[in-house]
Amino acid sequence: MRIPGRKPPRSFFARDPLDVAPELLHKLLVHAPDGSEPTAIRIVEVEAYRGSTDPASHAYRGRTPRNGAMFGRPGGLYVYFTYGMHWCANVVCELPGDAGAVLLRAGEPVLGLEHMHARRPAARRPRDLASGPARLCQALGVDGALDGTDLLAGPVWLRDDGVPPPDAPLVTTRIGITRAIEQQWRWVVPGSRYASRLVPPVSRKVR
DNA sequence: GGTGTGATCGTA
DNA sequence: ACGATCACACCA
C-alpha cells in the first residue's frame, strides 16, 4: 500500500505548539494498519496545548501514566481517553524544555470514506465523519493502542502532500475547556464545512 | 438551523 | 467529582 505525501522532518515538530498548530492545517493524517486499507483525513481544525505554563493542558501538573506521550519525542502521537468513552489524538511538540501538543479537532475525509462510515454508523454524510476530536479518531480507527507511536514511522502518519496551510486561518479560543479560556489557541481553515464549528460557543460552562 | 441533556468511566 | 465529547431529542 502507498502512503500519500511526504513526511515532515523531525524538526517540524520540535517547536512551540503555538507555531506548529497552524502549520498542521491542510496536512494529511493517515492510518495505514498492516493488512487493511488506509484511511486519511485532511486536517482543518487544531488546538495548541503547552505544558507547565498552560492550566488547560494535560501536562500542566507534570508527567503521569496517562500523559506520558506528551513528554516523549516530538512527532509522537498522544492519544487519551475522555468522558468515559472517547479517544482523542494529539501531535506531540516540544517548546524547548517543556511538554506540548496539538489536539487534532477535525478533518476532511480524503481516503477510505467507506471504511470511515463503517466505523461511524452515526455519520450521515462525509462532513459528520471527522468533525470533532473523538469523531476524527473513530473515523480513522485511532485508539489507545496507538498512544506513543511515531507519526514519522506509522502506522499513523502525518504527511505533507504539498497543499499549503491557509494564509489567513481563523483564530479563536479553545473549545470545551474551563481553564485558560482567554487564550486564542485554536486554528481553523476558513469556511471549512468539515470543522466541528467555525466559531466557539458564545457561552461556556462556568463553575 | 439551534439548544439542552444523559451517557459512561479513567484519572488525580 | 470532573472532564481537550458525542448523539439524540426537541424546538424552530
Side-chain angles (χ1 to χ4, degrees), chain A residues 16-18 20-22 24-25 29 41 43-72 76-93 95 98-107 109 116-148 156 170-188 191-207:
Chain A
D16 188 334
L18 272 61
V20 178
L24 285 173
L25 295 177
L29 189 69
I41 57 102
I43 298 167
V44 302
E45 177 182 345
V46 296
E47 282 175 358
Y49 289 86
R50 280 179 169 165
S52 59
T53 61
D54 180 4
S57 174
H58 289 172
Y60 184 57
R61 289 175 173 80
R63 186 171 188 152
T64 68
R66 177 208 210 188
N67 66 18
M70 264 189 93
F71 292 81
L77 185 67
Y78 167 45
V79 184
Y80 69 90
F81 188 63
T82 191
Y83 286 99
M85 57 194 116
H86 298 302
W87 296 100
C88 295
N90 295 252
V91 171
V92 174
C93 302
L95 184 66
D98 200 359
V102 177
L103 174 66
L104 303 176
R105 284 199 54 94
M116 298 193 207
H117 268 112
R119 294 187 187 114
R120 278 189 46 69
R124 295 173 159 264
R125 50 201 195 293
R127 67 183 289 181
D128 298 325
L129 284 172
S131 51
R135 291 172 174 182
L136 185 156
C137 282
Q138 276 177 243
L140 291 178
V142 168
D143 64 19
L146 296 166
D147 181 42
V156 181
L170 214 52
V171 183
T172 80
T173 54
R174 295 177 289 185
I175 292 177
I177 57 169
T178 56
R179 293 177 296 197
I181 59 176
E182 70 281 2
Q183 305 296 352
Q184 311 252 318
W185 289 352
R186 173 174 173 261
W187 290 264
V188 188
S192 175
R193 297 186 314 239
Y194 297 92
S196 67
R197 49 211 331 159
L198 290 178
V199 178
V202 271
S203 74
R204 60 197 72 218
K205 24 176 150 174
V206 184
R207 201 59 279 211

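The sequence lines fix the lettering, A, B, ..., with proteins before strands; numbering per chain opens at 1.
To the nearest 0.5 Å, atoms CG (A:Leu18) and SG (A:Cys93) are separated by 9.5 Å. One finds the CG atom of A:Leu198 at 6.5 Å from the CG atom of A:Leu170 (value rounded to the nearest 0.5 Å).
The distance from atom CD1 of A:Ile181 to atom C1' of C:dG3 is 16 Å, rounded to the nearest whole Å. What separates CG of A:Leu18 from P of C:dA4 is a distance of 18 Å, to the nearest Å. The distance between atom CE of A:Met85 and atom P of C:dC6, rounded to the nearest whole Å, is 11 Å. With rounding to whole Å, A:Ile177 atom CD1 is found 9 Å from C:dT5 atom P. Atom CH2 in A:Trp185 sits about 15 Å away from atom P in C:dA4, given to the nearest Å.
Here A:Tyr83 does not lie in a stacked arrangement on the base of B:dA7, lacking the combination of planes under 30° and ring centres under 5.5 Å apart.
Pairing for C:dA4 is absent, judged as Watson-Crick or G-U wobble with the two contacts each under 3.5 Å.
When heavy atoms are screened at a 4.0 angstrom cut-off, A:Arg61 is found touching no nucleic acid atom at all. Note on A:Thr64: only backbone sugar-phosphate atoms sit closer than 4.0 angstrom, heavy atoms only; bases stay farther off. Heavy atoms of A:Ala134 sit under 4.0 angstrom from primed sugar atoms or phosphate atoms, though from no base atom. A:Arg197 comes within 4.0 angstrom of no nucleic acid atom, judged by non-hydrogen atoms across all strands.
Between the side chains of A:Arg186 and A:Thr172, at least one donor N or O sits under 3.5 Å from an acceptor N or O.
Residue A:Arg135 places at least one side-chain N or O under 4.0 Å from the OP1 or OP2 atom of C:dA7. Contact annotation: A:Arg120 reaches the phosphate of C:dA7 (side-chain N/O to OP1 or OP2, under 4.0 Å). Contact annotation: A:His58 reaches the phosphate of C:dA4 (side-chain N/O to OP1 or OP2, under 4.0 Å). Put simply, A:Arg105 has a side-chain N or O that comes within less than 4.0 Å of OP1 or OP2 on C:dT5. For C:dG3, one of the phosphate oxygens OP1 or OP2 lies less than 4.0 angstrom from a side-chain nitrogen or oxygen of A:Thr178.
Nearest to the side chain of A:Pro65, among C:dA7, B:dA12, C:dC6, sits B:dA12. Ranking C:dT5, C:dA4, B:dA12 by closeness to the A:Asn90 side chain, first place goes to C:dA4.
Residues that satisfy the side-chain hydrogen bond (donor to acceptor under 3.5 Å, both in side chains) test with A:Asp143, not counting sequence neighbours, are absent from this structure.
Under the 30°/60° scheme for interplanar angles, the aromatic rings of A:Tyr80 and A:His58 are found to stand perpendicular.
The stretch residues 125-133 of chain A has no heavy atom under 4.0 Å from DNA chain B, so no residue of it qualifies as close.
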